[in-house]
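Structure first, then comments.
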Amino acid sequence: MATSSAIAPLAANTKIGYSLDRKFYCDDGVFAADMERIVGRKWIVAGHVDRVRNKGDYFLYKIGNESIIIVRSDESTINAFYNVCRHRGSLICTEPAGRVARLTCGYHAWTYGLDGALIAARLMPADFSKQDNALQRCHIRVFYGFIFVNLSDQQPVDFDAAFGDLAPYLDFHGFADAKIAFSRSYPTAANWKLVVENFVECYHCAPAHPEFCSMHPPEALVAFGAGPSSGPADAVEKYLPALRAWEQRAAALGRPIGTVDDGPESSHLRLLLQRTIREGYESETQDGRPASCLMGKRLGFDQGRMYLSFSPFTQLVATNDFAVLFVFTPRGTMQTDVDLYWLVDAKAAGVDVEKMIWGWDRTTKQDQVITENNQAGIRSSHYRPGRYSDHEQRVVTFQQWYLAQFGFALA
Amino acid sequence: MATSSAIAPLAANTKIGYSLDRKFYCDDGVFAADMERIVGRKWIVAGHVDRVRNKGDYFLYKIGNESIIIVRSDESTINAFYNVCRHRGSLICTEPAGRVARLTCGYHAWTYGLDGALIAARLMPADFSKQDNALQRCHIRVFYGFIFVNLSDQQPVDFDAAFGDLAPYLDFHGFADAKIAFSRSYPTAANWKLVVENFVECYHCAPAHPEFCSMHPPEALVAFGAGPSSGPADAVEKYLPALRAWEQRAAALGRPIGTVDDGPESSHLRLLLQRTIREGYESETQDGRPASCLMGKRLGFDQGRMYLSFSPFTQLVATNDFAVLFVFTPRGTMQTDVDLYWLVDAKAAGVDVEKMIWGWDRTTKQDQVITENNQAGIRSSHYRPGRYSDHEQRVVTFQQWYLAQFGFALA
Amino acid sequence: MATSSAIAPLAANTKIGYSLDRKFYCDDGVFAADMERIVGRKWIVAGHVDRVRNKGDYFLYKIGNESIIIVRSDESTINAFYNVCRHRGSLICTEPAGRVARLTCGYHAWTYGLDGALIAARLMPADFSKQDNALQRCHIRVFYGFIFVNLSDQQPVDFDAAFGDLAPYLDFHGFADAKIAFSRSYPTAANWKLVVENFVECYHCAPAHPEFCSMHPPEALVAFGAGPSSGPADAVEKYLPALRAWEQRAAALGRPIGTVDDGPESSHLRLLLQRTIREGYESETQDGRPASCLMGKRLGFDQGRMYLSFSPFTQLVATNDFAVLFVFTPRGTMQTDVDLYWLVDAKAAGVDVEKMIWGWDRTTKQDQVITENNQAGIRSSHYRPGRYSDHEQRVVTFQQWYLAQFGFALA
């Protein structure tokens, strides 16, 4: 297969414990293969239902060369359509978001219902079939407020088999009816894999992220910075007692305790990790005080946080009073959209936005810089795959998962 | 032949009555083939003689990677030269327009006459031949004020055979000594074929062009919006009596009546269509009142207009008191220059420019947006060729003509 | 070999006395071959030691896709390292210049000494070898203040064999401890060969460089504008007596007299030419008066100047009180960095910067424009290699040298 043959020679040269060859990050052919084999087949979060509360609310999700219309057609239904008119291919919606009664193409006024059906097309030949000219659908699934899309032209991976076990955690946090208190975009001139690799290790936290580190127990960052058993064994052993004690306290306050740690053979490489934040802190803010009210079904502040990776493209970090949704979207070989949504409880009022975004806004701007510098350095002919630290185990797992999508294993 | 082989597999998949495959609009190989087979062989209007009234007046016409110097060398002669010095290849003229005594390259001062002859080149070897180093000519023909160029390296299509029959119409309008009252550029990020297809149908007029529609009888737009018999048969039948009546009135005021409707097998796919404007209007302006004096040999306002397409690259719309020349120039696979020149009578004075450009300036800005949205949508992997309406017959004719240039027919 | 095979068909069509085929200036494959065979193998000046006077001073030299850190590690040592972390490939230094105690990657804090040794890398596996992970060195040689780098992965051309004979001239001018009084960048959208070809001929001086010409005897520009015997034989003969008389006077004031005129078979195509400036002028300034004190070991103003080309990439022009270093660096097929450094004597004070840069700042801005116009013209399909004048002999020599790097000769 063309896609695999682009990857095969590179995969053969990839050694476990080392960063990938330059071409994985810079080559247009590899990017095309990534788009076909991975981006085009996974369930990826495009946003949160709070963007489309009312009938006719829509927003555009741009991924690769595609523009997807996410639009609510009634109280219980949100649809995803390719933003391509069936007539001559024009974009139908041209604003990033809005509210519409129907989806009308601005070119020749072909008009579609919010369900995608072609309602009106003037002056068409007698044998023209409106039924055959509905908007093309993209797979969509709303799960506890998160809007997942899947661009596959075939039947995608079964959603519930892939994500159903996350229900208790998402339910506890009240994501289904959460509100977006703030959002910001951090477009990053780097291959999507560099964006992901940066996010799934905390080896860089100490040098690069002072605000982030200030909100966390140092021993937790070393031990669990990139997932359970992501740090060195002795660090893990040192932190475990504190973690177990916290789990008991947190469970008493209603939190469902548990871990998800998908391996390279999994469909979405999920990760669910719950742990403590800095001692004495109630929230991941500058002074540790909350920026909003308790989220979801919590009975009180438990001084913990959840990190949930739905897939390499979708990350979620939840402290007690707000959560941050990270959407990583490949747009080009060396261009990735990074969009953050800060979620608060349905009943939140008077949210202190500056306080809430203090940590992740700064941290994500730092990540934007370091990831772009990483990409720039890799473009050198003298880049050589380098050895990973004990603190980057999750990056290795990601690479194993990545190559497995093409049928290869790390040597 | 390389060019045809790039087009052949795409042509085989093209169905009559449907928009073209994505590659026709997005692929660099197709664009190269278009440049070689079509753009490089047709007579294309580069501008109007009013830009080069005086000896030494010149302007640059940029097409694809070429820069052409259009320069007047004497009262009766306008020359077209490739803007490339015969010495080391530098651009000779670097300003868009101006007046010069000679064409002197700013690099090493090689100096050419206005006839292209190399006049001065310092310090050349004894066997250097000035005669062999004249500027390279581009075919040029001035016809009733319009400056046609032809980039062919061979003998181009005979001009008079191709365009001679248009003489009475052009003469009547007084184009030969018309003046440019205004000009504006609307560079469009779309393939040239999308720019053309947009211009040759009026199916989009109602939804996209309120100003344009306000100046025309609705029934005329449906029936003749894209040329004679371009609309549905019943609409044509409905409008014909009004048209015939107008032709009689207009002929009495001096207008030569007639139609040109070239088919796909023609060299330039010309179209000449004359019809009424909105009842009670004397000109295509906001209030229907003229913006300038009568043009050409008219005896009075006849409430009609002429649409003349010299080729898909050159369009002309003439109301009684002014005309608009549209120059569509391919610059890249998804980049097309759109330049408009508003022409008025030789003796015009006190032209109301705002009034004159009200319609087409707005309409062309709208076309720029919708054409770019069309291109953006077509870039999606989910674009599929769509069915044309009864109102887009001329687009089908254009596609047939386009494929015929490569020796193919629509299936 | 791939590189030669890209050049072979083009070389076969190259005629002596004519400019090169378009592809030499526009083709990405040719540029890649240039980078591998020429740019990657020559000793190229990256800057002057005045930029790194103190321990820890560094600057970045960007060439092609590479970023090179030039950093002083102690009083006698300046190192050149590829700016690529051995861990995950990030850029280490991200500012154009600065002063550091160590080279610390901002991503994961891997820390290298100023000698490139890896000093610190946290949490690495037990079998990780710091010794094996020093920064990758680039060949470097400091020669009379000029910092030469060589990107070759093999043993480069022996430096002393290539440049040792220039010692007396460089020593006389005091370059080893000169100071940079001013610097400016003139990035040029043209292939590096066009930048070089422009610099090595003075056929364009009269039409393009009025300031430059005002500072020089016209007969010298014709005869020696592009090196010894670069002009027509009669012009050379006419200027020689004045030159010989000046050489005697200049020698009496301490100047070492001599010429270097490497041919196409040489490794670096060096050129050393000393001659008079305009009569009555002491320096290459607007009014001929000096802008700084005498440079180096001069005993007095001798009304002469030196032009020294270390290679096509590095040019040096020295009048009595200052010198200008020109660094031409290929960055892309049609993008070249042009950086100028004005050097003055170690003991200079109160330099009149405006006076000093009057000539070459204006001249280089002019060169930027004409070289970009040259590139723009060459992109036309109608560019044809043109005949050189008698005044462009050095361009021919450069082309012979260029083709010789690939094993070809001009026909």
Side-chain angles (χ1 to χ4, degrees), chain A residues 32 35-36 39-40 60-69 80-95 102-112 116 118 120-139 149 151-153 331-332, chain B residues 16-22 24-26 190-191 193-194 197-198 201-210 213 218 221-223 225-226 230-235 334 366-367 369-393 395-396 399:
Chain A
M35 288 302 293
E36 182 196 326
V39 181
L60 300 183
Y61 178 59
K62 295 187 179 182
I63 177 165
N65 282 333
E66 308 303 328
S67 170
I68 311 288
I69 307 170
F81 303 115
Y82 287 91
N83 189 10
V84 181
C85 185
R86 294 300 302 273
H87 177 224
R88 273 169 55 186
S90 175
L91 294 178
I92 297 165
C93 298
T94 57
E95 296 298 315
R102 292 173 175 186
L103 295 164
T104 301
C105 180
Y107 200 170
H108 300 89
W110 281 31
T111 300
Y112 305 85
L118 179 58
R122 298 165 298 139
L123 291 165
M124 294 302 292
D127 65 340
F128 175 75
S129 159
K130 283 187 189 162
Q131 268 104 327
D132 293 347
N133 282 276
L135 290 180
Q136 296 172 85
R137 284 181 177 277
C138 172
H139 304 283
V149 294
L151 277 65
S152 178
D153 289 330
R331 296 300 302 277
Chain B
I16 200 156
Y18 286 82
S19 61
L20 297 175
D21 187 271
R22 180 173 53 249
F24 281 110
Y25 302 116
C26 303
N191 184 268
K193 293 188 287 291
L194 291 176
E197 290 174 13
N198 174 68
E201 52 92 353
C202 210
Y203 187 43
H204 72 278
C205 292
H209 297 318
C213 290
L221 295 188
V222 176
S230 66
D234 57 342
M334 291 183 270
Q366 292 154 357
D367 278 335
V369 169
I370 60 187
T371 306
E372 293 185 346
N373 285 337
N374 195 6
Q375 179 74 65
I378 289 174
R379 296 191 66 188
S380 164
S381 68
H382 279 251
Y383 163 76
R384 301 284 178 274
R387 188 74 177 272
Y388 286 123
S389 69
D390 293 334
H391 210 162
E392 294 166 285
Q393 182 54 41
V395 180
V396 176
Q399 294 180 350

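Chain A is the first sequence line, chain B the second, and so forth, proteins listed ahead of strands; every chain is numbered from 1.
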Problem set entry | Side chain / backbone / both / neither for Val395(B) at chain A, heavy atoms under 4.5 Å | side chain
Exercise. So does Arg102(A) have more than 12 non-hydrogen atoms from other groups sitting under 6.0 Å from CZ?
Worked result: no
Problem set entry | Exercise: identify the closest heavy-atom pair between Pro207(B) and Gly106(A) | CB-O, 4.5 Å
Problem set entry | Point-to-point distance, once rounded to the nearest 0.5 Å, from OG of Ser380(B) to NZ of Lys62(A) | 12.0 Å
For this session: Quick one: do His204(B) and His87(A) satisfy side-chain contact (heavy atoms from CB on, under 4.5 Å)? Show the steps, please.
Result: CA-CA 12 Å; His204(B) 72 278; His87(A) 177 224; over 6 Å; no
For this session: Select, from Cys138(A), Ser67(A), Ala109(A), Ala121(A), the one with the greatest count of heavy-atom pairs under 4.5 Å involving chain B.
Result: Ala109(A)
Seminar exercise, completed: Rounded to the nearest 0.5 angstrom, the CZ-OG distance for Phe128(A) and Ser389(B) is 10.0 Å
Exercise. With a 4.5 Å limit on heavy-atom distance, are the side chains of Asp153(A) and His382(B) in contact?
Worked result: yes
Problem set entry | chain A contact via Tyr18(B) - side chain, backbone, both or neither, heavy atoms under 4.5 Å | neither
For this session: With a 4.5 angstrom heavy-atom cut-off, could you sort out which part of Ala206(B) is near chain A: side chain, backbone, both or neither?
Result: side chain
Exercise. Taking non-hydrogen atoms and a cut-off under 4.5 angstrom, which of residues 88-95 of chain A neighbour chain B?
Worked result: Arg88(A), Gly89(A), Ser90(A), Leu91(A), Thr94(A)
Exercise. For the atom pair NE2 (His108(A)) and CD (Glu392(B)), what is the distance rounded to the nearest 0.5 Å?
Worked result: 4.5 Å
Exercise. Donor-acceptor pair, Tyr203(B) side chain versus Arg122(A) backbone, under 3.5 Å?
Worked result: yes
Problem set entry | All side-chain hydrogen bond (donor to acceptor under 3.5 Å, both in side chains) counterparts of His139(A), not counting sequence neighbours | none
Problem set entry | From Tyr107(A) atom OH to Glu201(B) atom CD, the distance as rounded to the nearest 0.5 Å | 5.0 Å
Exercise. Out of Thr104(A), Asp127(A), Asn83(A), which one racks up the most heavy-atom pairs below 4.5 Å with chain B?
Worked result: Asp127(A)
Problem set entry | Distance, nearest 0.5 Å, that separates SG of Cys105(A) from CD1 of Ile370(B) | 9.0 Å
Exercise. What are the two closest heavy atoms between Leu123(A) and Pro232(B), and how far apart are they?
Worked result: CD2-CG, 3.5 Å
